[in-house]
There are 2 protein chains.
Amino acid sequence: MTVTLADVAARAQVSPATVSRVLNGNYPVAATTRERVLRAVDELDYVLNGPASALAAATSDLVGILVNDIADPFFGIMASAIQSEIGGPGGRAGGERLAVVCNTGGSPERELTYLTLLQRQRAAAVVLTGGAMENAPHAAAVAAKLRKLGEAGTRVVLCGRPPAPDTGAFALTFDNRGGGRELTEHLIGLGHRRLGYIAGPEERTTTRHRLEGHREALAAHGIAEDPRWTVHGRYDRRSGYEATLELLRRDPSLTAVVAANDSVAVGACAALRESGRRIPDDVSVAGFDDLPFSVDAVPSLTTVRLPLSEAGARAGRIAMGREEPPPGGIATVRGELMVRGSSGVPRK
Amino acid sequence: MTVTLADVAARAQVSPATVSRVLNGNYPVAATTRERVLRAVDELDYVLNGPASALAAATSDLVGILVNDIADPFFGIMASAIQSEIGGPGGRAGGERLAVVCNTGGSPERELTYLTLLQRQRAAAVVLTGGAMENAPHAAAVAAKLRKLGEAGTRVVLCGRPPAPDTGAFALTFDNRGGGRELTEHLIGLGHRRLGYIAGPEERTTTRHRLEGHREALAAHGIAEDPRWTVHGRYDRRSGYEATLELLRRDPSLTAVVAANDSVAVGACAALRESGRRIPDDVSVAGFDDLPFSVDAVPSLTTVRLPLSEAGARAGRIAMGREEPPPGGIATVRGELMVRGSSGVPRK
DNA sequence: AAGAATGCAGCAAGCGCTTTCTATATATGC
DNA sequence: GCATATATAGAAAGCGCTTGCTGCATTCTT
């Protein structure tokens with residue numbers, strides 16, 4: 001049998017109530033008694049029963065972090081930052097929380113199921129990262145879930161995700177549209193007029209916003225858009241590689257390729273190189289996110305830097321109630337244009 | 001108030017016991033009754049209370065995955081593979097488990113605290129990934145914890161981590177030593193005789209094994225090792241960059257640099273390039289792991305491919321009791337040498 | 001057709017903790 | 001010095017679920 005509170009109580013010659021209070025430190029206990037209890041805990045190697053505790057106290061020390069793809073550093077970096085603030089171990093004493101990251105794989109059902117699972121565990125807080133699906137029924141289902149979580153006392157924070165109105169969730173939203181606009185404006189400023197765009201998966205807010213920003217920039221400069229210049233794909237390098245080949249097939253005269261994110265951009269570079277084009281002399285390339293590897297690409301990637309760590313940390317603190325939520329519950333986090341070697345003046 | 005089992009029972013006009021059995025599907029219930037219950041569940045939007053369930057049943061549906069650095073794709077990929085097998089959502093119905101990944105940040109205390117937290121939650125299984133610390137007292141503490149977890153019915157699996165004797169844990173170990181040896185032998189075979197080595201952090205099994213493999217290869221070919229040729233650092237690109245500069249300062253005549261992993265290798269490439277050396281013409285570079293970006297580096301990285309996804313998936317299945325553990329509880333997973341553009345014949 | 005087996009549902013006893021309320025002992029005020 | 005406030009510890013009632021056992025209809029046996 002495992003050791004229970006009662007065993008500790010017996011050994012320390014006190015009541016279970018006292019042991020509980022010593023462990024939770026939320027009630028005055030005489031120093032000598034506390035010491036006796038602590039010693040007994042130690043001697044018996046006692047570990048609190050989490051479920052029992054959560055049941056009785058109607059709270060839990062679980063904090064959920066939902067990510068679309070844990071193998072993608074974009075999410076890994078955010079998750080890491082969030083988790084570091086949640087505490088888990090390393091936080092202040094007493095506030096030990098189990099920060100757990102759940103991988104939805106970009107699947108709406110999984111997202112919903114994880115939310116239910118977290119609701120079932122009576123999670124203390126939930127942080128949703130990255131773009132949302134734009135499928136209407138699913139969005140409604142998620143919103144309903146978030147509302148219910150909030151009502152049950154779970155703090156809900158969105159990080160790098162658009163606000164979810166009427167759910168009581170706090171949102172730290174990335175300015176994907178603005179970043180996309182700036183990036184394309186930079187390229188236009190260099191003289192590019194024929195720009196290919198490799199978008200992310202459809203029905204994702206991130207995809208749409210970045211693309212919209214790109215189009216805004218084109219429109220602002222009177223560049224008519226050619227439907228052949230946009231291709232959709234996944235957010236990975238493979239997709240960037242294939243999409244670039246497709247783009248080149250459709251219009252070999254493109255002088256720039258804007259990618260949905262850095263991984264895609266790297267794949268694009270590979271495809272361009274294989275097709276005998278030099279970067280940026282023949283074709284300029286731009287990414288998004290500024291992941292760690294982007295500066296090491298050859299040439300280094302022009303991209304939009306998103307403060308992933310900072311935003312994650314802030315989201316974590318808000319989730320823990322350690323920082324004031326932004327006014328109105330919503331804050332926009334801007335990206336920063338990083339001009340590097342992969343973009344240049346187009347050849348005449 | 002939230003909805004409870006009793007509410008559902010009342011609405012469905014059955015006893016709470018019946019509702020529980022319908023939900024768990026582990027006891028015969030007449031079809032018509034089941035349907036009635038399910039409808040009530042739906043109408044009331046009932047969500048099981050996880051802690052209460054875990055307490056009563058003395059089991060939980062939590063599975064913990066411990067990683068050293070969640071922002072590193074090495075761990076992200078493994079975690080993703082493990083989680084996909086654990087099920088969470090997406091697995092077979094009924095077996096819904098909350099697979100949670102915990103980020104130790106490479107800190108021994110955090111590792112231990114997370115294990116305690118998981119023990120407290122009565123986790124169904126725990127998977128530890130990546131190298132272990134070689135600090136003796138800590139190793140003993142972890143071993144004790146693992147044993148205790150095992151005794152409490154938690155299945156413990158080590159993935160990409162050396163076996164933990166006498167703990168009852170199953171181990172899928174990467175053959176880091178063999179991979180390291182092969183890699184260096186490849187370089188020696190090309191004609192290199194002065195090889196720098198950028199090792200990972202000290203007191204880590206992964207670091208030591210890879211380094212030992214490297215040294216075995218040198219010894220096997222009668223190459224005397226120069227202490228100046230080895231530098232320790234972290235497992236990131238920054239570290240590779242700095243270590244390479246240091247290596248070059250110590251001995252500018254090196255013709256090859258072997259890195260502890262791919263991120264480090266990429267950093268090394270950057271440093272070499274900045275110092276005016278071409279890869280592989282002037283200096284060859286080799287990495288380890290074969291992460292997705294490695295093939296995209298310029299030149300693409302010669303490295304040792306570790307089947308991260310496959311190993312993770314297998315670890316996940318073993319953790320779920322869905323696959324036989326390896327005979328003796330231990331299996332060695334070998335890497336595969338990937339010869340690519342970053343290694344070549346040294347200049348005379 | 002009577003007795004045995006079977007299928008399905010309910011009762012009730014916990015699971016191990018938290019917390020309110022109560023009791024005792026000591027400190028304080030006038 | 002007696003009444004009142006102040007610490008500290010215990011008793012006990014759950015928290016919401018699971019499950020062994022019991023009970024009653026059916027359905028099988030022979």
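When reading the values below, keep in mind they use all heavy atoms of this one structure, side chains included, and skip hydrogens, waters and symmetry mates. Source: prediction; values computed, not measured. Convention: sequence-line order gives letters A, B, ...; per-chain numbering from 1.
- The separation between B:D7 atom CG and D:dC15 atom C1' is 14 Å, rounded to whole Å.
- With hydrogens and angles disregarded, no donor-acceptor distance shorter than 3.5 Å links the side chain of A:R97 to the backbone of A:I86.
- In this model, the phosphate group of D:dG16 is not approached by any side-chain N or O of B:S53 to a distance below 4.0 Å at OP1 or OP2.
- Judged by distance alone, with hydrogens and angles left aside, the side-chain atoms of A:N103 form a donor-acceptor pair with the main-chain N or O of A:I70 at under 3.5 Å.
- A donor-acceptor contact under 3.5 Å is formed by the side chain of B:Y27 with the base of C:dA9.
- Computed from coordinates, the B:L23 CG to D:dG16 C1' distance equals 13 Å when rounded to whole Å.
- Distances from the side chain of B:V29 to the nucleotides C:dT19, C:dA9, C:dC17 place C:dA9 closest.
- Among the protein residues, B:A17 comes within range of the nucleic acid bases, having at least one heavy atom under 4.0 Å from a base atom.
- Between the side chain of B:S309 and the main chain of B:A81, no donor-acceptor pair closer than 3.5 Å is present.
- Phosphate contact (OP1/OP2 of C:dT18, side-chain N/O of A:S20, threshold under 4.0 Å): present.
- The side chain of B:T18 places an N or O atom within less than 4.0 Å of a non-bridging phosphate oxygen (OP1 or OP2) of C:dG10.
- Between B:N49 atom CG and C:dC15 atom P the separation is 18 Å, expressed in whole Å.
- At the phosphate of D:dT18, OP1 or OP2 sits under 4.0 Å from a side-chain N or O atom of B:N24.
- Minimum atom distance to the side chain of B:R21 is reached by C:dA9, of the listed C:dA9, D:dG10, D:dG16.
- Across the protein-nucleic acid pair, A:L5 atom CG and C:dG16 atom C1' stand 7 Å apart, rounded to whole Å.
- Heavy atoms of B:N26 sit under 4.0 angstrom from primed sugar atoms or phosphate atoms, though from no base atom.
- When only modelled atom types and interatomic distance are considered, B:E111 and B:N68 share no side-chain donor-acceptor pair under 3.5 Å.
- Taking atom CG of residue A:D61 and atom P of nucleotide C:dC17, one finds them 14 Å apart after rounding to whole Å.
- Mapping B:A30 and B:L55 onto DNA chain C by nearest heavy atom places B:A30 at the nucleotide closer to the 5' end.
- With 3.5 Å as the limit, one finds a donor-acceptor pair spanning the side chains of B:S15 and B:T18.
- Of the residues near DNA chain C, A:A6 and B:S15, the one whose nearest nucleotide (by heavy atom distance) lies more toward the 5' end is B:S15.
- The base of D:dG16 is not paired with the side chain of A:R122 by any donor and acceptor separated by under 3.5 Å.
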